[in-house]
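Written below as structure tokens is the structure these notes are about.
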Amino acid sequence: SEMCIRDRCKISIAAMFINNHKKQIRLLCRILFVLYIAGLVYFLFFAEMLDRTGIERSYHYNLIPFREIRRFIVYADLLGPVAVISNLFGNIAIFMPFGFLVPILGRKKRKFWFTALASFELSLSVECIQLITKTGCFDVDDIFLNTIGGILGYLVYALMQRKRDRDADARRLKERS
């Protein structure tokens, strides 16, 4: 059966709304990404610098994988739950938004390995800057935990995308029947 002009107009208007909605969401995600990166830079570099005024800074680094993770687990009672949670889970949580937002920024960035590698590269860059500027400690364990955080953020994105696709398929099936 032929579609009437009114139905075609409705479909065209709906398509324009959906495309405009997608553009708005993508713009919002880009703004959130820029704010996230700005907050990350402040938190990792400037907030720590402000706490260290007047203290001579020196180079600190850990190149042995799992050394600091093991230390935080073994000495959890001595260090206290706040230190353990903020180090182990904080390093994961701080990179989850990165892993969630990167795939939204563009089609080419939607691959798992792209996000995992980008998380690793950003974390490595942060650790190198911390070493060079003597703000914080270069720690391979942080790179590992940050990368895990980026991957977990990507998995949240992928699960939400999968649910969205299933919902869209269900709507299409319902409209056809």
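Because only heavy atoms are used, hydrogens play no part in the values below, and waters and symmetry mates are left out as well, while side chains stay in.
The CG atom of Asp142 sits 6.0 Å away from atom CG of Asn87, with the distance rounded to the nearest 0.5 Å. Atom CD1 of Ile151 and atom CZ of Phe95 lie 12.0 Å apart (nearest 0.5 Å). The line from CG of Leu101 to CE of Met96 is 11.5 Å long, rounded to the nearest 0.5 Å. Rounding to the nearest 0.5 Å places CG of Asn91 at 10.5 Å from CD1 of Ile143. With rounding to the nearest 0.5 Å, the separation of CG in Leu155 from CZ in Arg162 is 11.5 Å. Remark: Asn146 CG to Ser119 OG distance equals 8.5 Å, nearest 0.5 Å.
Annotation for Phe112: atom CZ counts as buried by contact number, over 12 foreign heavy atoms lying within 6.0 Å.
A salt bridge does not link Arg171 with Asp167: every distance from a Lys NZ or Arg NE/NH1/NH2 to an Asp or Glu carboxylate oxygen is 4.0 Å or more. Between Asp169 and Arg166 no salt bridge is recorded (no basic side-chain N to carboxylate O distance below 4.0 Å). Checked for salt-bridge contact, Glu68 and Arg71 meet the test: a charged N lies under 4.0 Å from a carboxylate O.
Linking Ile, Leu, Val, Met, Phe, Trp and Tyr whenever their side-chain heavy atoms come within less than 4.5 Å leaves Ile132 and Phe43 in two separate clusters. In the hydrophobic clustering of ILVMFWY residues, with side-chain heavy atoms under 4.5 Å counting as a link, Phe72 and Leu78 come out together. Taking hydrophobic clusters as Ile, Leu, Val, Met, Phe, Trp and Tyr residues chained together by side-chain heavy-atom distances below 4.5 Å, Phe98 does not share a cluster with Val34. A chain of hydrophobic side-chain contacts below 4.5 Å, direct or via other Ile, Leu, Val, Met, Phe, Trp or Tyr residues, connects Tyr42 to Ile94. No continuous path of hydrophobic side-chain contacts links Ile69 to Ile64 [ILVMFWY only; heavy atoms under 4.5 Å].
Side-chain contact between Phe46 and Thr135: absent, with no pair of heavy atoms (C-beta onward) separated by less than 4.5 Å. Within the 4.5 Å cutoff, side-chain heavy atoms of Val156 are placed close to those of Met160.
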Next item on the list: Go through the steps to decide whether Gln130 and Phe138 satisfy the test side-chain contact (heavy atoms from CB on, under 4.5 Å), and finish with yes or no.
Entry: CA-CA 6 Å; Gln130 284 182 332; Phe138 180 97; 5.9 Å; no

Next item on the list: Give the C-alpha distance, both sets of side-chain angles, the deciding distance and a yes or no for side-chain contact (heavy atoms from CB on, under 4.5 Å) between Leu40 and Leu122.
Entry: CA-CA 11 Å; Leu40 187 68; Leu122 178 61; 4.0 Å; yes

Item checked: Steps toward side-chain contact (heavy atoms from CB on, under 4.5 Å) verdict (Asn62, Val140) -> CA-CA 6 Å; Asn62 168 38; Val140 295; 4.3 Å; yes

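The two residues Leu145 and Leu88 make their nearest non-hydrogen contact at CD1-O, 3.9 Å. Nearest heavy atoms, Thr115 versus Tyr154: OG1-CD1, 3.5 Å.
Under the 30°/60° scheme for interplanar angles, the aromatic rings of Tyr157 and Phe100 are found to stand perpendicular.
Proximity of a side-chain donor or acceptor of Asp141 to a complementary backbone N or O of Phe66 within less than 3.5 Å is detected.
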